[in-house]
Structures are given as structure tokens and as C-alpha cells.
Amino acid sequence: MRPFELTAPATVEAALASPGTFLAGGTTLVDLMKLNVLTPQHVQDINGLPLRGIDTRDGLRIGALERMSDIAEHPGVYPVISRALLSSASQQLRNMASIGGNLLQRTRCTYFRDVAMPCNKRRPGSGCPAITGANRMHAVLGTSEKCVATHASDVAVALVALGAEIRLASAGRTRTVKLADFYRTPGETPEVENDLRPGELITEVLVPRLDWASRSTYVKVRDRQSYEFALCSVAVALDIQDSRIVDARVAAGGVATVPWRLVAVEAALRGAPVALESFEDAASVAADGARPLSANGFKVSLLKRTIVRALLELTGLTEESHR
């Protein structure tokens, strides 16, 4: 880790008026600083700022400094959000990590985290060795010839499924952006991961009121049950009336370069009966446009199976009863 200057602004205005990298829980930033992947000269500890609070009176408003564990345990938080948070990291890390920081966490690609290796995210134009190298954990959707790294956040998948927005503040202005539009697929500029502008700070997360999102879940498939990133994950919320699906929200993680909203799956589910066949038909279009690599082709079928599993879990059906 290289030397840096640490300050602790007392107000949001003071933080936005000074240059530097914002530090909240530090569960990503400090890791990357230790590896010299990130080498900020000035770090601002923002934990004293008034960016907390969880309000469920009309939709959901979450202050950006709220800790993941507190959000997961808060009554009134949609189940899909709570389950996504509880499947993230370890209890100790969830107690430290902020929701704003989680949404901005960097990829877990080993090439990105190893400064001895080329990586277009760290050094644009240096190459992406994952394309021909060790790529079992990498993306099959939203990739480019420049980058195939997956987005690491679990809760971002749930929030994208629910149409969440984030509020961003900079010196003299604020703006609100849909989270799905905030993230950027790599294209020709993999170093640009999101629409966070210089000097901006996430101040809160806003989830629109969706009464039927009380019927929602998050299913995460990983190599081990504890402290592991997703091979594939699926967030699902369903509006069911008279044994038919009136509306659906579906998004996937672990398989794409950004939290991936599955609009074609949602469209296939709307109007369909609650039945295994409907779920399988909808899941069959989930991986359209996928570009598997040498070691991650299994993610195409895994994504479809995980969607079906999440839908079965949410509706209380069993696969065996429909065979």
C-alpha cells in the first residue's frame, strides 16, 4: 500500500468540495489499495456524514452509508433485497460494508486484481488475458473484445430487477439515475464501469413502491455456501393472480458484465400460468446473445436452470410434481 492523506469531512458539502477517494466501509477500497490496484493520494473517510436511514413508508429509501446487515434485517425491506444482502460476503463484512460502496465495488477478476498482469480496466489498451486464459468465473453476457469481467454485487442484481434508482450529489447539484442505466457494459471502454462523474457521491438508494414484490426471492449458485461470489444468481419478483403471472421482474448476476435485467424472460412470464412448463419456456430465452468462453460455457444452461429454480421456490411448486 502506498502512502496517502486521510481526512474526515464533517458535512456532505465539505466532502464534495475536496478532491479525493471516498471511504465508507472500506471492504473493497482497502483491499485494492493493499494490492496497489488503486493508489489514491487523498482518501476521505465519509462515515461521519448524515447519509443514513431506511424509510419504507412509500417504496424504499436507503441512505448510502447504511450497512448491508442492517438493511437485510430491517422490516419492510423486500425479500429479494434482504436475501441478496444475506448471501453476500461474510457477516463481519456485511456489518462493515455500506450499500453505496457495495454498488460501486470493482470486479473480482483475478487479472484485474494482479498488477503484474495486463488488464484493460486498469490500463486501457493493455489487453484482456481472461479471454483466452482462466475464465471460468467470467461473463457470457454483455462482454466485448476488451473485457469479459463480471460485476460482483449481489444486491445490485435485486435492485436492478426492482427498477431502483440512485441519487448522486456533486458540488452544487444532485441528480437521480436508474441503477440499470448507471452501469456500463465494457464495449470499447472497459475502464468506464458506470456513470459516476468526477466528484460525485452516492447519497441514497431509491426503490419504487411495488406491493407485489413481497413475493420475491434471490437464488445464488456458487462453489461454496460461505463467502463466495456467484457463478450465477437470479433475482425474481412475481405478481400472481388466479394462478396466472400478471407481472414479473427478473435479473441475473454472475453471468454478465453488469447486473443483467432479463426483459425477454419477464415478457414470456406475463400472462403465463404458474407451471413448470411456463418457467422453462421463459428461461429458454435468458441466454440469448451469450458469448461463452473456453471454460464458462456451462453458465448458459446454469442461468436457465437457476431461473427455473427461483421461480419454483417462489411459487412453492416442485419439479418432481410436474414430471
Pair Leu23-Val30, side chain to side chain contact (heavy atoms under 4.5 Å, CB included): steps then yes or no: CA-CA 9 Å; Leu23 170 71; Val30 174; 4.2 Å; yes

Side-chain ion pair, Arg244 and Asp242, N-O less than 4.0 Å: no

Test item: side-chain donor near acceptor, Arg83 and Thr217, under 3.5 Å: yes

Between His42 and Thr7, a side-chain donor and acceptor under 3.5 Å: yes

Cationic N near anionic O, under 4.0 Å, Glu66 to Arg61: no

Pairing of Arg136 and Asp223 as salt bridge, 4.0 angstrom limit: yes

Test of ring centre spacing under 6.0 Å for His151 and Tyr183: yes

Ion pair Glu204/Arg52, N-O distance below 4.0 Å: no

Salt bridge present between Glu266 and Arg270 (N-O < 4.0 angstrom): yes

All side chain to side chain contact (heavy atoms under 4.5 Å, CB included) counterparts of Gln92, not counting sequence neighbours: Ser90

Carboxylate-amine/guanidinium contact Asp239 Arg215, below 4.0 Å: no

Cationic N near anionic O, under 4.0 Å, Glu200 to Arg175: yes

